[in-house]
Amino acid sequence: MFDKLIWDKLNEECGVFGIYNHEEASQLTYLGLHALQHRGQESAGICASDGEKWYKHRGMGLVSEAFGKGDLEKFRGHIAIGHTRYTTAGSSKIENAQPLFFRYAQGSMAVAHNGNLVNAAVLRKELEAKGSIFQTTSDTEVIAHLIARSESSDLPGAVKDALQHIKGAYALVVMNNHQLIIALDPNGLRPLSLGRLGDAICVASETCAFDIIGAEYWRDVQPGELIIIDENGLTETKFTPHTQRSICTFEYIYFARPDSDIDGINVHMARKRLGKQLALESPIEADVVTGVPDSSISAAIGYAEATGIPYEIGLIKNRYVGRTFIQPSQELRERAVYLKLSAVRKVVEGKRVVMIDDSIVRGTTSNRIVRMLREAGAREVHVQISSPPVMNPCFYGIDTSTRDELIAATKSVEEIRQIIEADSLSFLSVEGMLAAIGRKDTAPNNGHCLACFTGQYPTEIHFEEALPALKC
C-alpha cells in the first residue's frame, strides 16, 4: 500500500513467456522473465516438462528473489512457461503466483495469463455451484476449471471450449507434457508476440524478451487466435470469428519497455512522437525540459526536439528502492516520493522547467514532484502530460477500480493544476495521441482501447460483475 502512496502510477498485471522445443527451455524462460520484470514485481514462476516429468517453482518478489541459487538446476525439458505478476490490494500471496498447475481427468496442465476477466466472479459462482473447489483468488483459476470441465478429448479443444465462456482481457499460455497452447482475447487488449530461436518457438508479452535470449521476432498473435505448438509444428486457428483489435493504449504510453515493438511500432519512437505532438498542441516558453523517469523520458526528448528547448536530466530515479513495508505517517507520505526520485538542483535552479509525465492518476505524485522541483530552485514548473486525462476505471488488468480514484474524473484541468501546484498543466488530446502512436488499423480508434479516456469499453461491461474481478 505504501508503494502506491509514494508512486502514483497505473500498474500492469503481469507478463507471460513460453518456449517449445529447446533443451534449455527453463533457463531461457527465466531470462525471458527478467526482460518482463517491469510488468510485475510481486511474484514469479516457471513450469517445465520433459514429456514425462514436471518441474515447477514459484516464489514471491522479483524474478531474482523468487528463484534462489539451485532452484533451476534440476529443471529439465523442452517445453516451459513462465509468469511474472503484479497484484492489486489483498492478493499478494504465493497461492496466486503463476503459472498455476493442475491435475485433472485428462492429465496435467499449467496455465499462465496476463489480463483480467470481466465475468470472473460470475463464472466462479457458477463453477462452485457445480462442485469446483478454488484454491486461489485469481481469475486464471477460473480458466483452468473451465478447461478441466470441457468434454473435449484433447487440451487444445478444451482450451477452445473454455474461451467461449470468458470475457475480458487475456494473453494466455497453457501447456501439458507435449503441447504449448497460446490464445489472445478477441480484442487483443494485451500484447503477445511469437519468436523463433533456431528450431524453437517462443511466445512473450513483449518482444524485448526475445532479445535477451537471442530469439528473432516472428509475428504478433492476432485477436481471437488459438495456436497449438507440438511435435507436428505450429497450428494456427481461430476460436471465434468475432474479433476487433482494441489494444490497451497505455502499452504504448507507459507499460511496455521502450525497446519493445507492438504491432510493428517501436515503443520508444511512439513515445517520442507523443512528446512532439504535445509540443504542437501545448507549446510553453521555458528554459529546460525534463521527463519523469523512466517511461516519460522518451516523450520528453520528443518534446525538446520539437520545441528546441534543451532536454536535461532534471530528475533522477533511485533504482535500489525495494518494496516498503513501513506504516506511513502523514509526514512520511509527504516525503516518501524522495525515496524514488531526486531533483538535480544544478539543472533546474532558477529555470523555467517543463516537466513531462505520461499520466496523472490520483495526482499525489505529481504534486510531490512539482514541490521537489521548486525546492530545488525551479522558478516555474509547467506540467505536460503525454496522454489524455484518465477519467474511467479499467476492468482489463490495470489497478483502477472506481472513478473516485481518478482525479480527472471529478476535477477540471484547472482544478488539477491548482492541486498539483503547477504553473500550467496540459494533456494530450485523444486525436493527437492516436496520430502520434501511428497505428494504421482499420478497426475503430485505430485499433486502440480508449476506455480509460472516453468511457467506451470494447467489451460489454456489467459493473457489478466486473468490479470483484479487479481483486484477482
Side-chain angles (χ1 to χ4, degrees), residues 16-22 25 29 46-54 56 77-83 98-115 117 120 123 127 132 138-190 192-196 199-205 218-243:
V16 297
F17 185 92
I19 187 166
Y20 181 89
N21 196 32
H22 199 287
T29 299
I46 294 174
C47 281
S49 175
D50 60 8
E52 296 182 359
K53 186 177 180 179
W54 284 86
K56 309 179 293 293
H78 64 289
I79 177 173
I81 63 173
H83 187 275
Q98 297 185 35
L100 300 180
F101 176 79
F102 301 91
R103 300 187 189 278
Y104 70 116
Q106 301 295 331
S108 299
M109 65 175 169
V111 185
H113 153 234
N114 172 210
L117 308 183
L123 290 173
L127 289 164
S132 293
S138 169
D139 51 2
T140 308
E141 191 176 4
V142 171
I143 301 173
H145 279 277
L146 290 170
I147 294 171
R149 284 185 168 272
S150 170
E151 296 182 358
S152 176
S153 60
D154 59 26
L155 184 58
V159 172
K160 188 173 183 178
D161 287 346
L163 298 181
Q164 309 308 311
H165 299 280
I166 63 178
K167 301 175 184 177
Y170 49 92
L172 182 69
V173 290
V174 184
M175 63 170 281
N176 59 18
N177 282 322
H178 306 287
Q179 295 173 305
L180 176 62
I181 298 160
I182 302 159
L184 186 63
D185 69 79
N187 296 105
L189 283 154
R190 295 281 158 243
L192 195 61
S193 299
L194 295 172
R196 285 174 166 153
D199 294 329
I201 298 174
C202 45
V203 59
S205 292
W218 180 9
R219 69 172 180 85
D220 290 313
V221 179
Q222 297 303 304
E225 189 172 23
L226 181 72
I227 296 172
I228 304 108
I229 306 172
D230 56 24
E231 61 183 4
N232 297 315
L234 184 144
T235 303
E236 304 162 327
T237 184
K238 288 276 190 178
F239 62 85
T240 176
H242 307 293
T243 62

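The analysis underlying the following values was restricted to heavy atoms, covering all of them including side chains, and did not include hydrogens, waters or symmetry mates.
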So does Asp199 get a backbone contact from the side chain of Asn21, meaning a donor-acceptor N/O pair under 3.5 Å? yes
Looking at Thr240, Leu172, Leu184, Asp185, which hits side chain to side chain contact (heavy atoms under 4.5 Å, CB included) with Leu163? Leu172
Treating Tyr20 as the side-chain partner and Glu231 as the backbone partner, does any N or O pair qualify as donor plus acceptor under 3.5 Å? yes
Under 3.5 Å, side chain of Gln98 to main-chain N/O of Gly82, donor-acceptor pair present? no
What distance do Thr29 atom OG1 and Phe17 atom CZ have between them, rounded to the nearest 0.5 Å? 5.0 Å
Between atom CZ of Phe102 and atom CD of Glu141, what is the distance when rounded to the nearest 0.5 Å? 4.5 Å
Nearest 0.5 Å, what's the OG-CD distance between Ser153 and Glu151? 11.0 Å
Check: Pro223 main-chain N/O paired with Lys238 side-chain donor or acceptor under 3.5 Å: yes
Test side chain to side chain contact (heavy atoms under 4.5 Å, CB included) applied to Leu226 and Val159, step by step: CA-CA 9 Å; Leu226 181 72; Val159 172; 3.9 Å; yes
To the nearest 0.5 Å, how far apart are CG in Asp161 and CG in Leu146? 9.5 Å
Decide side chain to side chain contact (heavy atoms under 4.5 Å, CB included) for Asp230 and Leu180; before the verdict, give the C-alpha distance in whole Å, the side-chain angles of both, and the deciding distance to 0.1 Å. CA-CA 7 Å; Asp230 56 24; Leu180 176 62; over 6 Å; no
Just by distance, no angles: are the side chains of Thr237 and Glu225 close enough, under 3.5 Å, to form a donor-acceptor pair? no
For Phe239, is the NZ or CZ atom of Lys160 found under 6.0 angstrom from the centre of its six-membered ring and inside 45 degrees of the ring axis? no
Looking at Gln179 and Asn177, would you say the former's side chain and the latter's main chain have a donor-acceptor pair under 3.5 Å? no
Checking the side chain of Asp50 only, and the main-chain atoms of Glu52 only, is there a donor and an acceptor separated by less than 3.5 Å? yes
Trace of the side chain to side chain contact (heavy atoms under 4.5 Å, CB included) decision for Leu192 with Val16: CA-CA 9 Å; Leu192 195 61; Val16 297; 3.9 Å; yes
Assess, by modelled atom type and distance only, whether the side chains of Ser152 and Ser150 contain a donor and an acceptor separated by less than 3.5 Å. no
